[in-house]
Protein chains: 2
Amino acid sequence: MIETRARRREIDQVASELFHAHGYAATSVRDIARALDIQGASLYAHVASKEDVLFSIVDRAAAAFEAAAASAEAETSTADPVERLAALVEAHVDVVTSDPRRASVFVTEWRHLSADRRAAMAARRDGYERRFRGVIADGVAVGAFRSTDTAIAATFVLTALNGIATWYRPDGRLSADAVADQYVDLALRSLTEDHR
Amino acid sequence: MIETRARRREIDQVASELFHAHGYAATSVRDIARALDIQGASLYAHVASKEDVLFSIVDRAAAAFEAAAASAEAETSTADPVERLAALVEAHVDVVTSDPRRASVFVTEWRHLSADRRAAMAARRDGYERRFRGVIADGVAVGAFRSTDTAIAATFVLTALNGIATWYRPDGRLSADAVADQYVDLALRSLTEDHR
DNA sequence: CCTACCGATCGGTAGG
DNA sequence: CCTACCGATCGGTAGG
């Protein structure tokens with residue numbers, strides 16, 4: 001049992017790599033199997049369908065983003081909106097840099113999910129984005145952020161953060177912490193009324 | 001002659017739509033043909049390969065970004081870096097909103113080009129990004145932008161701008177001009193040292 | 001996890 | 001732009 005669960009996780013990891021590099025549609029079941037040194041048909045001993053592999057990756061990524069945001073908000077619930085947004089941004093960047101391929105698949109390949117799963121994922125994304133919009137609206141209300149279209153502001157920040165998944169490499173020039181610091185700074189400055 | 005050129009442009013437009021909606025790999029030659037009300041094989045009377053269609057779209061998009069940036073820089077060459085960056089950002093947003101599907105294909109599907117074309121496109125992208133880095137570095141040098149990693153700052157801004165291609169719709173809540181205004185503001189604020 | 005196999009679809013060509 | 005067709009590959013199943 002524990003063996004098969006480990007194998008299942010291996011499949012997700014190998015598939016993340018391939019989906020990230022070539023995209024879901026351009027990756028065949030046999031490509032995934034080859035990376036695991038098994039036959040194409042043997043993959044179906046572990047998964048019901050190719051789409052299940054994609055869903056598993058995307059679902060785990062969504063859960064990671066949700067958990068990180070929830071704990072960031074819990075830890076800063078009494079703080080001012082600037083600090084709360086900083087915590088949200090940092091949490092998001094941390095999830096991306098902790099597994100950039102998974103994050104990249106989450107961001108770019110979720111449209112290949114079945115209609116049901118796509119709709120469910122869209123709802124989760126909306127909920128996640130609402131956290132950002134809420135904090136930004138709070139900041140505008142107390143005068144910490146300049147008056148702005150909160151939907152646009154949240155989208156601006158989130159797309160910039162998600163972009164990290166496309167270029168970040170763990171062995172790159174910048175450490176994950178350095179990226180997080182820079183991005184928190186850039187994101188907050190884009191919204192704050194005035195810098196002292 | 002003019003007929004075939006018009007047909008060729010029609011192919012690019014239809015393919016942009018499909019590549020944007022489903023991705024290059026998940027779009028078949030027959031999907032494109034069906035949208036044009038012709039047989040799958042008939043498409044080869046107009047194009048040499050499926051990849052040629054992708055290249056045509058991506059190449060036109062790249063040319064549009066380059067031309068817009070060059071003219072923006074020409075018009076503001078003597079201005080201060082803040083104004084020059086504002087012009088670059090506005091030009092970029094204008095290209096995206098003028099044809100969001102083409103821009104989206106350019107941003108997300110270029111990895112499906114052949115190795116040669118991919119390398120050439122990577123070089124053009126580098127050149128384009130260098131314009132942004134250059135203006136940001138100039139701004140840092142004169143104290144208009146705060147000291148920052150110019151590569152990170154340019155990537156932050158450009159990924160946020162490219163994100164517009166994924167959500168902007170001409171019939172949406174915000175006009176192209178409104179989006180451009182907001183994004184210029186957000187991008188500049190993320191970099192400026194102090195707001196008056 | 002394997003071998004053997006399935007129908008469907010893929011990008012593309014030949015010849016008009 | 002069409003019909004007819006190609007070999008290759010696709011996701012997936014049967015039966016062990």
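Numbered from 1 within each chain, the chains take letters A, B, ... in sequence-line order. Side chains are part of it too, since the values below use all heavy atoms of this structure and drop only hydrogens, waters and symmetry mates.
In this structure C:dG15 sits in a base pair with D:dC2, meeting the Watson-Crick or G-U test at under 3.5 Å.
Between B:Asp31 atom CG and C:dA8 atom P there is a gap of 17 Å when expressed in whole angstrom units. Rounded to an integer number of Å, the gap from A:His112 NE2 to D:dG11 C1' is 15 Å. Between the CG atom of B:Leu43 and the P atom of C:dG11 there is a distance of 10 Å, rounded to whole Å. Counting to the nearest Å, the C1' atom of D:dA8 and the NZ atom of B:Lys50 are 15 Å from each other. For the pair A:Ile32 CD1 and D:dT9 C1', the interatomic distance rounds to 15 Å; values are reported in whole Å. With rounding to whole Å, A:Arg34 atom CZ is found 15 Å from D:dG11 atom C1'.
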So which protein nitrogen or oxygen atoms get under 3.5 Å of nucleotides 1-5 of chain D's nitrogens or oxygens?
| from | atom 1 | to | atom 2 | distance (Å) |
| --- | --- | --- | --- | --- |
| D:dC1 | OP2 | B:Arg7 | NE | 2.7 |
| D:dC1 | OP2 | B:Arg7 | NH2 | 3.2 |
| D:dC2 | OP2 | B:Gln39 | N | 2.8 |
| D:dC2 | OP2 | B:Ser42 | OG | 2.4 |

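Listed for the A:Asp94 side chain is no donor-acceptor partner under 3.5 Å among the backbone atoms of A:Ala91. Looking at B:Thr76, its side chain does come within 3.5 Å of a backbone N or O of B:Ala72 through a donor-acceptor pair. Panel note: side chain B:Glu90, backbone B:Asp181; no donor-acceptor pair is recorded below 3.5 Å.
Applying the 6.0 Å contact sphere to CZ of A:Arg9 captures no more than 12 heavy atoms from other residues, nucleotides or ligands.
Of the side-chain N and O atoms in A:Ser28, none sit less than 4.0 angstrom from OP1 or OP2 of D:dT9.
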Decide yes or no on salt bridge (charged side-chain N to carboxylate O under 4.0 Å, His left out) for A:Asp59 and A:Arg124, but give the supporting numbers first. CA-CA 10 Å; A:Asp59 184 50; A:Arg124 287 171 78 175; 2.7 Å; yes
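The ring of B:Tyr128 has its center closer than 6.0 angstrom to the ring center of B:His92.
For A:Lys50 and A:Tyr44, the positive end is not near the middle of the six-membered ring at less than 6.0 Å and at most 45° from its axis. A cation-pi arrangement is found for A:Arg125 relative to A:Trp110, the charged atom lying closer than 6.0 Å to the ring centre and inside a 45° cone about the ring normal.
Ion pairing between a basic and an acidic side chain is recognised when a charged N comes within 4.0 Å of a carboxylate O; A:Arg189 and A:Asp185 show such pairing.
A heavy-atom distance below 4.0 Å to DNA chain D is reached by none of the residues of residues 114-121 of chain A.
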